[in-house]
Structure formats: structure tokens, C-alpha cells
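Atom set for the values below is all heavy atoms of this structure, side chains included, hydrogens, waters and symmetry mates excluded. Only a predicted model underlies this, so the values are computations on that prediction, with no experimental measurement involved.
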Amino acid sequence: MASISIRNITKIYPGDVLAVDDCNLEIPDKEFVILVGPSGCGKSTMLRMIAGLEEITKGELYIGDKLVNDVPPKNRDIAMVFQNYALYPHMSVYKNMAFALKLARTPKAEIDNRVREAAKILDIEHLLSRKPKALSGGQRQRVALGRAMVRNPAVFLLDEPLSNLDAKLRTSMRTELIKLHNKLETTFVYVTHDQTEAMTMGDRIVVMNHAVVQQVDTPQNLYDGPCNMFVAGFIGSPQMNFIDAVLQHDNKGYYLQVEADKLYMPAEKAKEEIVKDYVGKPIKFGVRPEDIYDDDEFISKNSDAVIATRVDVSELMGSEVYLYLKYHDTTLTARVAPTTKSRTGDDVKVAFNMHNIHLFDVETENTILN
């Protein structure tokens with residue numbers, strides 16, 4: 001088993017293309033860490049540097065207590081699972097899983113034992129004699145995982161391994177991977193652009209954008225306390241609503257001036273030492289869809305935070321309804337109960353749960369208040 005220590009790592013491709021910029025990250029032994037971000041943010045490059053498939057331009061990479069910058073991939077005690085499975089089409093499942101052990105001159109009896117044990121854990125014992133072309137996408141993914149497992153690596157590296165699967169299979173494979181991690185008790189580093197995968201699978205999430213690590217934290221802490229607008233908008237589905245506002249203060253307390261409406265902040269939310277410097281200044285006001293309510297009871301209890309909107313579209317999702325609301329020139333998304341009476345074209349009042357709002361600096365886009 002092994003920890004991973006990434007110290008001031010930078011990757012620059014020819015043509016001065018900056019892929020990873022001065023990254024620092026400590027991954028303890030046995031942790032399941034997710035690297036997440038939009039395409040081109042540097043997450044796969046980071047994974048490939050850990051694997052040894054990309055040279056590090058600057059910085060140091062340790063696996064355990066060993067500096068591995070110049071150590072070839074085969075000597076790093078890692079196993080990588082790729083997006084496209086990378087199985088040998090002419091070999092059976094058994095031979096695919098045994099191939100790396102055979103190259104390492106592992107005794108035949110031990111190879112057989114390891115392959116069959118991994119196949120049992122992954123429930124693919126009945127597939128060992130088949131060729132990859134006779135397998136479904138989910139079965140191929142299990143074979144790719146099994147091929148990595150038989151080597152008993154200290155670190156598993158997984159590069160968007162579920163992206164080629166359909167939605168239902170992705171959900172079940174997420175569960176399988178979590179169970180596999182718990183069973184193997186190995187360090188997992190997993191790359192995805194899907195924030196739902198990140199939120200449901202990782203012990204911690206590393207959010208990247210434009211080659212820079214934005215924030216590293218547990219899924220819940222990222223959701224509740226994003227450090228900037230990018231993280232706030234990237235984590236959560238549907239994404240957070242952002243509204244232009246001006247922070248103001250009167251004898252009732254601090255409030256957000258949004259168009260002609262005043263949205264008052266609860267006294268315990270408006271921490272004076274933080275917000276006082278922003279009075280009279282434009283800010284960005286962030287609110288998640290589940291914190292916008294259209295029911296009469298909530299609106300009557302929160303009359304200091306009500307706006308009038310029009311429903312552009314109403315989407316029934318089964319257990320909830322998404323309302324796409326038009327408020328002046330701003331479009332808002334609300335996630336409300338399926339019992340809602342709001343329908344497409346209706347003029348409706350909605351109230352914000354001001355206890356859960358977020359405030360952001362307009363210029364830096366950094367968080368003022370969570």
C-alpha cells in the first residue's frame with residue numbers, strides 16, 4: 001500500500017502549453033481521491049504523471065517515501081485502468097488478466113490463483129474463456145479492473161473508466177467500484193469530468209480548472225463551502241444559480257438589492273466582520289436550486305426574500321420538478337416538490353432560503369460568504 005505526495009508539480013507541453021501548474025497534493029494510503037474538472041483542465045495529465053506515462057517538467061512525485069520522477073511505469077507499483085479498456089482482442093479474458101503476471105515470470109499456479117480470485121470478486125468467472133468482442137461494455141470494464149487487480153498494486157489509477165457505459169450501468173458500476181475499494185483497501189486515484197461520479201464515490205475531491213487545483217475537500221464540504229464561483233457552479237446538479245446584486249444595509253440589517261427587490265439576510269448569516277466591507281458594492285449572489293421555494297407556506301414565512309418570476313419551462317423528474325424561471329434578464333433553476341402547482345407560462349412568486357446562500361466577489365470570483 002502507498003501514499004502519493006505531489007509537490008509543486010508542473011507540466012508544460014511543447015509550444016509552452018501549460019497542462020498542470022504548480023500542483024501540491026497529499027493522498028494518504030488507502031484513500032479514494034477523485035480528480036474532477038472540465039475537459040482540458042489537466043486532470044488526465046496529472047494521472048499520467050503519477051503513472052509515469054508523462055514526464056514531469058518541474059516538481060517532485062513520491063509514491064510512499066520513494067521519489068519516482070525518473071522511475072519507469074513498470075517499477076512504480078501502480079496499475080492503470082483506461083477509458084477504452086485497452087484489452088487484447090485476440091486473447092481470452094483469462095489471458096488478458098494473466099498477461100502482466102506472465103511477463104513478470106510469475107509461477108503458473110500463482111497466476112491461476114490470482115486470476116480466479118479477481119474474477120470471483122468481480123463476478124466474471126463465467127467469462128474467462130471468452131474474447132473481449134463477445135463481452136458487453138460493463139463486462140469489458142470488469143476485465144480491465146481484474147487485469148489491474150491481479151498485480152496487487154499499491155495504487156490504482158482510473159482514467160474515466162465509466163464514460164463509455166450507458167447511464168444505468170454507470171450507476172451500478174459506481175457502486176461496484178466503491179465496494180471494490182473497500183475490499184482491496186488500496187489507494188485509488190480516479191479521473192472524471194462527471195461531478196455526480198465525484199460526489200458519490202470519492203473520500204475527497206480535487207477540483208481542477210485551467211491547469212490549476214481550485215479546491216481539495218470532502219464532497220459535502222465542497223458542496224456546502226465552495227472556495228470560488230467555478231467550484232460552486234461545477235459541483236452540484238442542476239448547477240448553482242448566480243445573480244447580480246448589490247449588498248446594502250439598513251435598520252433591519254444586511255440585504256441584497258436585486259433589481260427592485262430587497263432580499264434580507266438572517267443576522268446569523270450576515271457576519272458583519274466579513275460583509276461590512278462590501279456594503280454598496282456589486283457582488284454575485286449564489287443560490288442552489290433546492291433553496292428556491294414556490295410553496296405558499298415557505299413564502300409566507302420568508303416574506304423578506306421573495307421575488308416575482310415567470311415559469312419558462314416546467315420539467316417533471318418523478319420525485320421532483322425543475323422549474324426554469326425568468327426573472328428580468330436572469331434565468332433561474334428551482335428544484336421543487338412534485339406537488340407544485342407551478343406550470344409553464346405561470347407567473348409565480350418564489351422565496352429564497354437565505355440561510356444557505358453564497359456571496360462571491362465580482363472581480364476575483366472568490367467566495368465572500370458561504
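- Within 6.0 Å of NZ in Lys269 there are more than 12 heavy atoms belonging to other residues, nucleotides or ligands.
- The number of heavy-atom neighbours closer than 6.0 Å to NZ of Lys271, taken from other residues, nucleotides and ligands shown, is 12 or below.
- In the hydrophobic cluster analysis, where Ile, Leu, Val, Met, Phe, Trp and Tyr join through side-chain heavy atoms closer than 4.5 angstrom, Phe82 is grouped together with Ile50.
- Residues that satisfy the side-chain hydrogen bond (donor to acceptor under 3.5 Å, both in side chains) test with Asn356, not counting sequence neighbours, are Asp291.
- Of the charged side-chain nitrogens involved, none lies within less than 4.0 Å of a carboxylate oxygen, so that Lys58 and Asp22 do not count as a salt-bridged pair.
- Distance alone, capped at 3.5 Å, places no donor-acceptor pair between the Ser3 side chain and the Asp29 backbone.
- Looking only at atom types and distance, the side chain of Thr192 has a donor-acceptor partner in the side chain of Glu197 under 3.5 Å away.
- Here the side chain of Asn302 pairs no donor or acceptor atom with the backbone of Ala305 at under 3.5 angstrom.
- Taken from CD1 in Ile368 to CG in Leu359, the straight-line distance is 5.5 Å, to the nearest 0.5 Å.
- Without hydrogens or angle criteria, Thr200 side chain to Thr196 main chain gives a donor-acceptor distance under 3.5 Å.
- A distance-only check finds a donor-acceptor pair linking the side chain of Arg151 to the backbone of Ile78 [under 3.5 Å].
- Side-chain contact annotation: Glu54 with Tyr13, donor-acceptor N/O pair under 3.5 Å present.
- By the 30° and 60° cut-offs, the orientation of the rings of Phe32 relative to Phe188 is tilted.
- No side-chain donor-acceptor contact under 3.5 Å links Lys284 to the backbone of Asp244.
- If you check the side chains of Asp250 and Tyr264, you find a donor sitting under 3.5 Å from an acceptor.
- Side-chain atoms of Thr340 come within 3.5 Å of backbone atoms of Ser342 as a donor-acceptor pair (strictly under, hydrogens ignored).
- Using modelled atom types, one side-chain atom of Gln139 and one backbone atom of Ser136 make a donor-acceptor pair closer than 3.5 Å.
- Every residue two or more places apart in sequence or in another chain that forms a salt bridge (Lys or Arg N to Asp or Glu O under 4.0 Å) with Glu110 is listed here: Arg114.
- Side-chain atoms of Tyr254 and Gln248 include no donor-acceptor pair closer than 3.5 Å.
- When atom types are taken as modelled, the side chain of Gln239 and the backbone of Asn241 share no donor-acceptor pair closer than 3.5 angstrom.
- A side-chain donor from one of Tyr278 and Asp361 sits under 3.5 Å from a side-chain acceptor of the other.
- Judged by distance alone, the side chains of Asp159 and Tyr190 never bring a donor and an acceptor atom under 3.5 Å apart.
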Do Phe242 and Phe360 pass the ring-ring contact (aromatic ring centres under 6.0 Å, His included) test, and can you show the C-alpha distance, the side-chain angles, and the key distance before you say yes or no? CA-CA 9 Å; Phe242 296 107; Phe360 303 95; 5.7 Å; yes
